[in-house]
Amino acid sequence: DILSEIFQYLPDLNLNLAEELETDVISPKTGPYILRPEIYPWSITRVCSAWRTAAIYEPHLWSRVHLEVGQKQPSSGKVELLRLYLSRSRNCKLNVSLHCTWTERALDNAYLSLLFPTLGRWQFFSLHVLAKSLPVYWDLGNFPMLEILHLYVAHQAKTPPLNNIN
C-alpha cells in the first residue's frame, strides 16, 4: 500500500495525464518506448522483490502505451512484452501513442491485434501516421473513454533525384 502510494508520485506517472497531454506531442520518438525492459516501468520491478510485487499489481504504472509499428512484424519477444504490459494495466484507462507505417490489415500486425481490443479503455490517443497508413484505423469502432485525440498525418511526396535539382 505504501509503495503504491509512492508510485503515484513518480515523474512519469500522473493519473491526470490526459489533461496535461492536451497540448503536448507524445510519440514513441518523444516518449518512452514501453518495450525496452531496461526502462520505466519495467526497471521498477528490479529494485527488490517488494517493489516488484507492488509494481506488477499497480495498473497505473502500465497505463502509458508508446509503440513504433513499422512495416515488419515485431519479434515474438516484443509481442510477449506488450501482452504482459497490457495485462498488467488490467482495466485501467490507457494513454496510447503510436507511430505507424504499417499499411496492411490491422489484425495482421501482432502489436495492433493486441492493442486494438483495448480501445474501449483509451482516454488519450496520439497517432503519428503516414497518409497511406490511415486506412488501418478507419474501422476501429468506438472509443467510449476517449477524451483527447492527436492526429499527425505525414504525406510522402516523391522527392526528385538530387541530380535533377538546379
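Heavy atoms only: backbone and side chains are in, while hydrogens, waters and symmetry mates are out. Quick caveat, the model's predicted, so the values are computed rather than measured.
Taken to the nearest 0.5 Å, the CD atom of Glu58 stands 11.5 Å off from the OG atom of Ser89. Atom CG of residue Leu112 and atom CG of residue Leu119 lie 11.5 Å apart, to the nearest 0.5 angstrom. Rounded to the nearest 0.5 Å, atoms CG (Asp108) and OG (Ser113) are 8.5 Å apart. Here Thr101 contributes atom OG1 and Lys72 contributes atom NZ; the two are 11.0 Å apart, rounded to the nearest 0.5 Å. The distance from atom OG of Ser97 to atom CG of Leu127, rounded to the nearest 0.5 Å, is 8.5 Å. With values rounded to the nearest 0.5 angstrom, Arg90 atom CZ is found 10.5 Å from His60 atom NE2.
Looking only at side-chain heavy atoms (C-beta outward), Leu146 and Gln123 stay at 4.5 Å or farther from each other. Here the side chains of Trp102 and Gln73 are in contact, with some heavy-atom distance below 4.5 Å. Looking at Leu115 and Trp122, their side chains come closer than 4.5 Å, going by heavy atoms from C-beta outward. The side-chain heavy atoms of Thr53 and Thr45, taken from C-beta on, include no pair separated by under 4.5 Å. Counting heavy atoms from C-beta on, the side chains of Val65 and Leu86 come closer than 4.5 Å. Contact annotation: the side chain of Ser126 approaches that of Tyr152 to within less than 4.5 Å [non-hydrogen atoms, C-beta and beyond].
No chain of hydrophobic side-chain contacts below 4.5 Å, direct or via other Ile, Leu, Val, Met, Phe, Trp or Tyr residues, connects Leu81 to Tyr57. With hydrophobic clusters built from ILVMFWY side chains whose heavy atoms lie under 4.5 angstrom apart, Leu107 does not share a cluster with Leu67. Transitive grouping of hydrophobic side chains (ILVMFWY, heavy atoms separated by less than 4.5 Å) keeps Leu149 and Met145 in distinct clusters. One hydrophobic cluster, built from ILVMFWY side chains closer than 4.5 Å, cannot hold both Ile56 and Leu84; they sit in different ones.
With sequence neighbours left out, the ring pair (Phe, Tyr, Trp, His ring centres under 6.0 Å) criterion links Tyr137 to Phe116.
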Evaluate side-chain contact (heavy atoms from CB on, under 4.5 Å) for Phe125 paired with Leu98, printing each intermediate quantity in order.
-> CA-CA 8 Å; Phe125 183 30; Leu98 298 176; 3.8 Å; yes
Could you walk me through whether Arg83 and Lys78 pass the side-chain contact (heavy atoms from CB on, under 4.5 Å) test, one step at a time?
-> CA-CA 9 Å; Arg83 186 183 322 276; Lys78 294 289 187 185; over 6 Å; no
Is there a ring-ring contact (aromatic ring centres under 6.0 Å, His included) between Phe124 and His150 once you walk through the steps?
-> CA-CA 8 Å; Phe124 173 86; His150 289 174; 5.3 Å; yes
Going through the checks in order, is the side-chain contact (heavy atoms from CB on, under 4.5 Å) test met by Trp62 and Ser87?
-> CA-CA 9 Å; Trp62 310 96; Ser87 72; over 6 Å; no
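Across Cys92 and Pro59, no two heavy atoms sit closer than the pair CB-CB, 4.0 Å. In terms of heavy-atom proximity, Val153 sits nearest to Ala131 at CG1-CA, 3.7 Å.
For the side chain to side chain contact (heavy atoms under 4.5 Å, CB included) with Lys132, the qualifying choice from Leu134, Val129, Leu130, Val136 is Leu130, the only one to do so.
A donor-acceptor pair under 3.5 Å is formed between the side chain of Asn109 and the backbone N or O of Tyr111.
No side-chain N or O of Ser63 forms a donor-acceptor pair with one of Arg121 less than 3.5 Å apart.
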